[in-house]
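Each chain gets a letter, A, B and so on, in the order its sequence line appears, and its residues count up from 1. Values reported hereafter were calculated over all heavy atoms of this structure, with side chains retained and with hydrogens, waters and symmetry mates removed. Predicted model only: the values in this text are computed from it and were never measured.
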2 protein chains.
Amino acid sequence: MPRSAVGQSSVREANLAIVLQTVCGAPEPPSRADLAGRLTMTRATSARLVDELVEGGLVDEIDPLVPRRGRPARLLLPGSGVGALGLLADTDKVVARVVSLRGDVLAQVRRDVDMIGLDPDEGLAHVARAGREVLDAAGSVRVVGTALAIPGVVADGRTLVRAPNLDWTDVDLAARLGPVGRAGSLLEVGNEADLAATAVVEEAPGRVGPWPDFLYLSGTRGVGGAVVSRGRVVTGEHGGAGEFGHVCVDPSGPVCPCGSQGCLERYAALEPLAAAAGLRPDQVGSIGERAAAGDERCVETLAHLAWALSVALASVVNVVGISSVVLGGHLGRLEPYIRDDLRARLDARVLGARWAPVQVQAASDTSSSPADGAALLVLRRLLEHPVGWL
Amino acid sequence: MPRSAVGQSSVREANLAIVLQTVCGAPEPPSRADLAGRLTMTRATSARLVDELVEGGLVDEIDPLVPRRGRPARLLLPGSGVGALGLLADTDKVVARVVSLRGDVLAQVRRDVDMIGLDPDEGLAHVARAGREVLDAAGSVRVVGTALAIPGVVADGRTLVRAPNLDWTDVDLAARLGPVGRAGSLLEVGNEADLAATAVVEEAPGRVGPWPDFLYLSGTRGVGGAVVSRGRVVTGEHGGAGEFGHVCVDPSGPVCPCGSQGCLERYAALEPLAAAAGLRPDQVGSIGERAAAGDERCVETLAHLAWALSVALASVVNVVGISSVVLGGHLGRLEPYIRDDLRARLDARVLGARWAPVQVQAASDTSSSPADGAALLVLRRLLEHPVGWL
DNA sequence: TCGAATAAGTTTGATGGTAGAACTTAAAAC
DNA sequence: GTTTTAAGTTCTACCATCAAACTTATTCGA
């Protein structure tokens, strides 16, 4: 539905955004002339736009490193003095990071906090304190906005509808976050797994990595995830997408607290895995090594896990047509030990596997990535609409 | 990834598209002044753009019906002399329709053909003949392009990768369709279920109906469907999305020809339903009435169907966060008889059902809608980029 | 050391599109 | 028949990009 017409000021705004995005997305720092060539605009126009971005601090100029024939180009990099604050309120910890437009983590605080049992105001106080500390540490950086990652369903990018593990319901997080939320003018709240997936998509602000389409599956206390299509997280109508944990593996399987039966969570979450392997939950990460060392029970546990994942994921792959799977959390940790089994089972179950074999990968790290993703989300807004910050 | 900069010609193109889309999407025919107000452009600009569209036949002018104070407005309607050819090659029939920009079916041919066993050239000859006939019947209409709906996986909107029921593999349909495909300069091929879903989304070209997000599930020989998000069909990385028929209902369920076990298709496709009810496949549509009349076996069949659908759909709803379901084909026919049961089971299985209860609906008709959807697909291209046709 | 070659960046005027405001037109209301 | 209302038109101003000539900074070669 078209809302509004386009004027020539929109042209300038659009081109500013395009130039900034190109600078951020480029593998090598481009010059004004490079941009002109790549974007089919004249050098005059490119220079005009770049000058404006440099003036506003969104783009930095550096002198060329390798000498070349001709007048040396002034190379352009994303502004290092501009960043965003990414926050994570998890069940067992709080993370705050300031990430620059260049993708550098300028400051970070990570603190173990048992959030379970805390009410929203108490929990958010921990988050806000961590946020203030990194803002201080980041010093002179211009922070354009804040985003908060939370393990729950978020509506409209502002309100927490329900976070089952924290037992928080209907909290206007954006309003209750206090002054830290007002660092910069952007403020967003997002689902933890969605934002972790965002961090997988973008290697740096505006630079989309090699996988624009994948299913992200994160194993923690529960099993969450996200569907990423064309570089964007699919949030669904009401923000309730990505509940991989409650895909049905076996309708006559174990009862799930959600009221259903045989949910993936009952096979792949931390506790069921620990129980199956006869270990403590914090030992789940070692199941792979134990299995490799010959522990029969762990071998069986992994086989059962691969089976359950294959049933659930095959259904999803058949419906959304995305055949790359990225595993995070303890599932990422176990991925090397189930990869081949899982892939073989998926190829047998996925209809299109003949021409698009299913890829399985582990996300490198996981514990802070929702905070990175939160910062990236804010910076993405900046990249989409830079005019306001010039 | 930004490809190219924006110039002022893009402004004109964008505004032409916006004006045309607004004319097509408006519930009541607007005037030039209405458009100016709604799109925040001046009356001067709106008039200039509209004149160009009228000149090119994409917009028609009519005199106002109800007299009003002031100078009477000339009302604007989508051009009735412009249309697209939608084709459907199904297993048992061929359909060809010319649909105008206004949404009217200007001509139609529908012919029962047993396509099973025919090779692509033989089958496409039937399609092409039907296409030629409707083009003749449509007479002076300017046909901007053709689209073909086919029950199979389509890549890049051109090539059929695999149509299991027709047993066609790797056919460049766009090339082999012959002159009918070159009626107008647009030519696309799409999956039958995807295009049927497109016809559900758009009531008329450019007019998105009340459900921009839904899962479309169509029961025929198999069970296909589409995920529609924000008014767009999700095609996946390689066009292989929407295979609802192979969502796993029960991993220890009946064996499926796909190589897996307990696929939804084994519970909800025509033949399994007929077998369960002890009827011929062509009698499946009457299971609802028979059950209502007290036929125990049909009652049980419907209950089992609702159960299987609920298991499969709940998983999908939990992952993609879309909680409206539209049923087509024989599933649409049976929908009134399973609706309540299905909805109750879904609400029990869907995690977010508390704040977003699952909606279940039947698509009104089904047999020709892929052809309508095909035509709508072409007309959508026209609406997105009208400059080429002026 | 100096000039030619090369390529980046800058200036200038032309072009094309929308914005704004005054003007014209067509019909109903009085 | 005059007034009122609102649609549509005309004209000028403005703004962003384009095109092409021009300036600048460096390397290469004599």
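A:R48 has its CZ atom 9 Å from the C1' atom of D:dC15, to the nearest Å. If you measure from atom CE of A:M41 to atom P of D:dA19, you get 13 Å, rounded to the nearest angstrom. Between the CG atom of B:L39 and the C1' atom of C:dT18 there is a distance of 14 Å, rounded to whole Å. Rounded to a whole Å, the CD atom of B:E13 is 16 Å from the C1' atom of C:dT18. A:R12 places its CZ atom 5 Å from the P atom of D:dA16, with the value rounded to the nearest Å. Rounded to whole Å, atom C1' of C:dA26 lies 12 Å from atom CZ of B:R74. In this structure, A:L49 atom CG and D:dC15 atom P are separated by 16 Å, rounded to whole Å. Straight-line distance from the CG atom of B:L76 to the C1' atom of D:dA7: 12 Å, rounded to whole Å.
Across all their heavy atoms, B:A26 and B:R38 have their closest contact at CB-NH1, 3.8 Å. The two residues A:P386 and A:L58 make their nearest non-hydrogen contact at CB-CD1, 3.9 Å.
Note on B:T45: a side-chain N or O is less than 4.0 Å away from OP1 or OP2 of C:dA19. Taking side-chain N and O atoms only, A:N15 has a distance below 4.0 Å to OP1 or OP2 of D:dT17.
Base engagement by B:R43 is indicated by at least one non-hydrogen atom pair under 4.0 Å involving a base atom. A:A5 comes within 4.0 angstrom of no nucleic acid atom, judged by non-hydrogen atoms across all strands. Backbone-only engagement by A:R32 is indicated by non-hydrogen atom pairs under 4.0 Å involving sugar-phosphate atoms exclusively.
Here the options are B:V6, B:I18, B:V387, the test is side-chain contact (heavy atoms from CB on, under 4.5 Å), and the partner is B:E13; only B:V387 passes.
Nearest-nucleotide positions on DNA chain C for B:S9 and B:A44 put B:S9 closer to the 5' end.
A salt bridge does not link A:E188 to A:R380: none of the charged side-chain nitrogens sits closer than 4.0 Å to a carboxylate oxygen. Taking the charged nitrogens against the carboxylate oxygens, A:R230 and A:D213 have no contact shorter than 4.0 Å, which rules out a salt bridge.
Looking at A:S4 and B:T40, their side chains do bring a donor and an acceptor atom within 3.5 Å of each other.
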Item to check | Contact pattern, 5' to 3', of nucleotides 23-30 of chain D - B, S or - by protein heavy atom under 4.0 Å | outcome: -BBBSS--
Checklist entry - For B:V200 and B:S369, what are the C-alpha separation, side-chain angles and deciding distance, and is it a side chain to side chain contact (heavy atoms under 4.5 Å, CB included)? => result CA-CA 8 Å; B:V200 174; B:S369 44; over 6 Å; no
